[in-house]
Amino acid sequence: MSSQERHYESHWQEEEYYYQNPEFIGQANITDPGIFDRMSLDNFPECYKEFADLLDWDQYWHTTLDTSDAPCWKWFVGGRLNACYNCVDRHLDSYKNKTAIHFVPELEEEPVQNITYQELYRRVNETAIMLRDFCGLKAGDRVTLYLPMTPELPITMLACARLGIIHCQVFAGFSGKACGDRIWDSESEVLITMDAYYRSGKLLNHKANADEAVKAAEEQGQKVNKVLVWRRYPGTYSSSAPVVEGRDYFVDQLLEKYKRQEIAPASMPAEDILFLMYTSGSTGKPKGCQHSIGGYLSYVAWMSKYVQDIHPEDVYWCMADIGWITGHSFIVYGPLAVAASTVVYEGVPTYPDAGRCWRIAEELDVDIFHTSPTAIRALRKVGGDEPAKYNYSFKHMTTVGEPIEPEVWRWYYEVVGKGKAVIVDTWWQTETGGFLCSTLPGIQPMKPGSAGTGLPGIHPVILDDEGNEIQPGEGKAGNLCIKNPWPGAFQTIWKNKERYIDSYYGKYCRDKNSTDWRDWPYMAGDAAVMSADGYVRILGRIDDVINVSGHRLGTKEIESAALAAEEVAEAAVVAVTDEIKGAVPELYVSLKPDYDPSDDLAKKVSDAVADVLGKIAKPSNVYIVPDMPKTRSGKIMRRVLASISSNKDVGDVSTLANPQVVEEIRRQVQSG
Ligand code: PRX
C-alpha cells in the first residue's frame, strides 16, 4: 500500500451538543439508557427478542440466530408470521377508524384522501385475491411493481405480503429500461404499474414507460404475461399508450369482481423473503438486496417506535419515495407496524411553490417529519423564510441519506424545527434494512453533522486498511464496519451470493470457513470518523474520498466548508488528477436566490474552504453554476461534474432530473 493510502485524516471541527427539550423527553417512547446494556454484545443475539416481541407471531421461533451458512444470517428460525397482518389486521381492534394513510395529491385542488385502517384492510384484501385468482401468483413468486407515490403502491405491497409474494418495487422515476433490467433479474412474470401520475404539475405518461420496461425485459428473455394497470383516476385511462389486448388489464375493473371479499394472511416462515430492493454498487449491474419477513419487520418496527418515536396518535410524514428503501422501511412497513398515520405525498416538495411542504404539515398537523439533506438544502435555497409563515409544529425530525453539513443542520433545527423539534441523523443503507447509527432521541443529545452512536444492538467499529481498530477520538478516518449481524440486514444479493460476500465481507473476514459471526464484520463501504463519545461522522462513500498529497479529504468536508459562505446554496466537489498532488479538488457551487456569480465570490468560497480545512483542501477552481446535475431522487451527480472537470465524455445524462444543465456547465467550465 502506498504511503498516501495509509494516511486517513479528518478535518472536521468538533461540534457542540444540542439538547432535546424536556417536553419531547416527557412523551418519548424510550428514555431508559439501560437499553444499551440490554442490547450489549454480552447479550447477543438473544437480546433481539425485544425487537421481535413488537410483532404478533403465529408461531414463536426456536433459534434466534442461525450462523451455519455465514455470512447469510438467519434470524428467528422456526418462527412464522405475516407482515401484512402485522401492519394492518392486528390494528383493527383499536384503530380501525383511524387514518392509516393520508394521501396528498400533488395538485392542491384535489382533496387529501384519508384511508382508515379498516379501508386499508378492505382494499388490501381485494387486491390480494386478485393477485391470487386473476394472476395466479403464490408465495415465493416475484412480481415487479413500477408504481408512483399513490396509495395503490403500499396497498399492492401489502397485498403481496399477505400472500407471501415477493415484491420488487422499482422507483417510478427510473427509465423503462432500468425497470426492464429488474424485471429480468427478478424473473417477474407480472408487472404492476399505473397509467399516469403528477410531477411538477404535469400528468406524466407512465404507462409508456411500463411498455418500455416490458420490451426491455423481453429482449433479455424474460416474458411478462400480465401488466396490471392501476388508473390514477379509476374509470378513466390517462395515458396515450396503447392497451395491449390479453396482456394489459385495468385494476379498477378487475377489482369489481372481488368487492368485499377477504383472504386469510399466509403464515410465512420468518426467514422467507418479503421483498427485493435494487441498489447500485460501485460497478456492475444493480444488486437485488433480499430482505426477510421476520427479521426485517421486527427491525423496522423497533426503529419506528423508538428512533422515529412514533405513537399511534402521531401524524408522520417521510418525504422519501417508496421506490427507495427509506420509503419501504419508513413510509410503509415500520410506521404501519406501529399503527401510525403515515403521509404519502405524490409530488415534488416545492410544487407549486416553496411553501407547499409547510402547508401540508399545517393542514394534516404533521408532528414527525423525515427527509434528506438534499431536500433540506433545496428547501433552504428556494424559501429559507417559508417555514415561519406556517403554523405547524414538529416534535421530531429525521435527516437521512447523506452527510448533512452543520450549517444546513442548524437551519433545519432553527427554521424548520423552530428550535424545538429533536433531530435524528440516521445512517444506514439499502442493505441494512433500517437505521444503524443515530442518536436515540429521548436519551442522547444531538451533534450537527454526526449520525450519533451505534443504535442499541449495533456495534460499529472503524477499521484501517489492515483491519486494525481505530480508537474513538483518535481523529483518524477509516472504513465503517459493524461487528455483529442484526435482524434487519439483507440476507444476500438475489442470485449472487458471491458478490454479496465479496462486497461486504471480502475485505475483513478473518476466516472464510468460520461460522462464528465474530469473524465476519460487515463493511458498509463508507469512510467515517468516530469521536471520543462514539458519535460517528460519515465522510462519504469510500470511492468519494479525495486523496490530496496523501491526505484523504472527505468530499463532504470540503462541501460543508463551502456552505459556510452565506451565499452558497449547494456545493459539490470532484477530484481532478494532479501530477504533483495526486488529486486536487474542484468545487461546483450554486447560489441562493438574490446572489449573483462573480470572481470575488468564487475567491471568497475558495478561501472559506482553505480557512476551514487548511490549504491542502483549497479547490483549484470554483465554478458557480446555475444548478447541480441531479438524479430524479435528488442526489447530486458528482460523476457528471468530474467528467466535465477532466474533459471526459459525460456519458448518458438523459435520466437526470435536469439534463439540460449539464451542457450549460460543460460550456462554462471548458470555455474558461
Ligand atoms: O454513504 C452512506 C449514505 O448513503 C449510503 C446508502 O445509500 P442508500 O443505500 O441509497 O440508502 C439511503 C437510505 C439510507 C450510505 O452508504 N448515507 C445514508 N445515511 C446517511 C449517509 N451518509 C451520511 N449520513 C447519513 N445519515
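This chain uses plain numbering: 1 for the first residue, then up along the sequence. As the structure is a computational prediction, the values presented were derived from the model and not from experiment. Hydrogens, waters and symmetry mates are skipped; everything else that's a heavy atom, side chains included, is used. Every number for a ligand or one of its atoms is a count from 1 in the order of the listing.
Ring-centre distance between H328 and H167: below the 6.0 Å cut-off. Ring to ring, Y296 and F275 are close: their centroids are under 6.0 angstrom apart. Ring centroid separation for the pair F330 and Y316 does not come in under the 6.0 Å cut-off. For F435 and W427, the ring centers sit 6.0 Å or farther from each other. A centroid separation of 6.0 Å or more is found between the aromatic rings of Y333 and W302. Between W520 and Y504, a ring centre-to-centre spacing not shorter than 6.0 Å is recorded.
Neither the backbone nor the side chain of I404 has a heavy atom within less than 4.0 Å of ligand 1. Residue contacts with ligand 1 for Q429 involve both N, CA, C or O and side-chain atoms from C-beta outward (heavy atoms, distance under 4.0 Å).
Nearest protein heavy-atom contact of atom 7 (O) of ligand 1 is K635 NZ, 4.0 Å. Closest to atom 3 (C) of ligand 1 among all protein heavy atoms lies G401 O, 3.1 Å. Counting only heavy atoms of the protein, atom 24 (N) of ligand 1 lies nearest to E402 O, 3.2 Å.
Relative to atom 6 (C) of ligand 1, the option among W324, W428, F435 with the closest non-hydrogen atom is W428. The residue from T279, V536, D526 that puts a heavy atom closest to atom 15 (C) of ligand 1 is D526. Distances from atom 10 (O) of ligand 1 to the heavy atoms of T398, V424, T430 put T430 nearest. Relative to atom 23 (C) of ligand 1, the option among G434, S438, S450, P403 with the closest non-hydrogen atom is P403.
Of the residues W517, W486, Y508, the one that meets the ring-ring contact (aromatic ring centres under 6.0 Å, His included) test with Y522 is W486.
Counting atoms of ligand 1 from 1 in the listed order, those under 4.0 Å from a heavy atom of V400 are 14 (C). Close approach of ligand 1 to D425 (heavy-atom distance below 4.0 Å) involves ligand atoms 24 (N), 25 (C), 26 (N). In summary, the atoms of ligand 1 found under 4.0 Å from a heavy atom of T326, numbered by their order in the structure, are 13 (C).
Between the side chains of E271 and Q491, a donor-acceptor pair is found at a separation under 3.5 Å.
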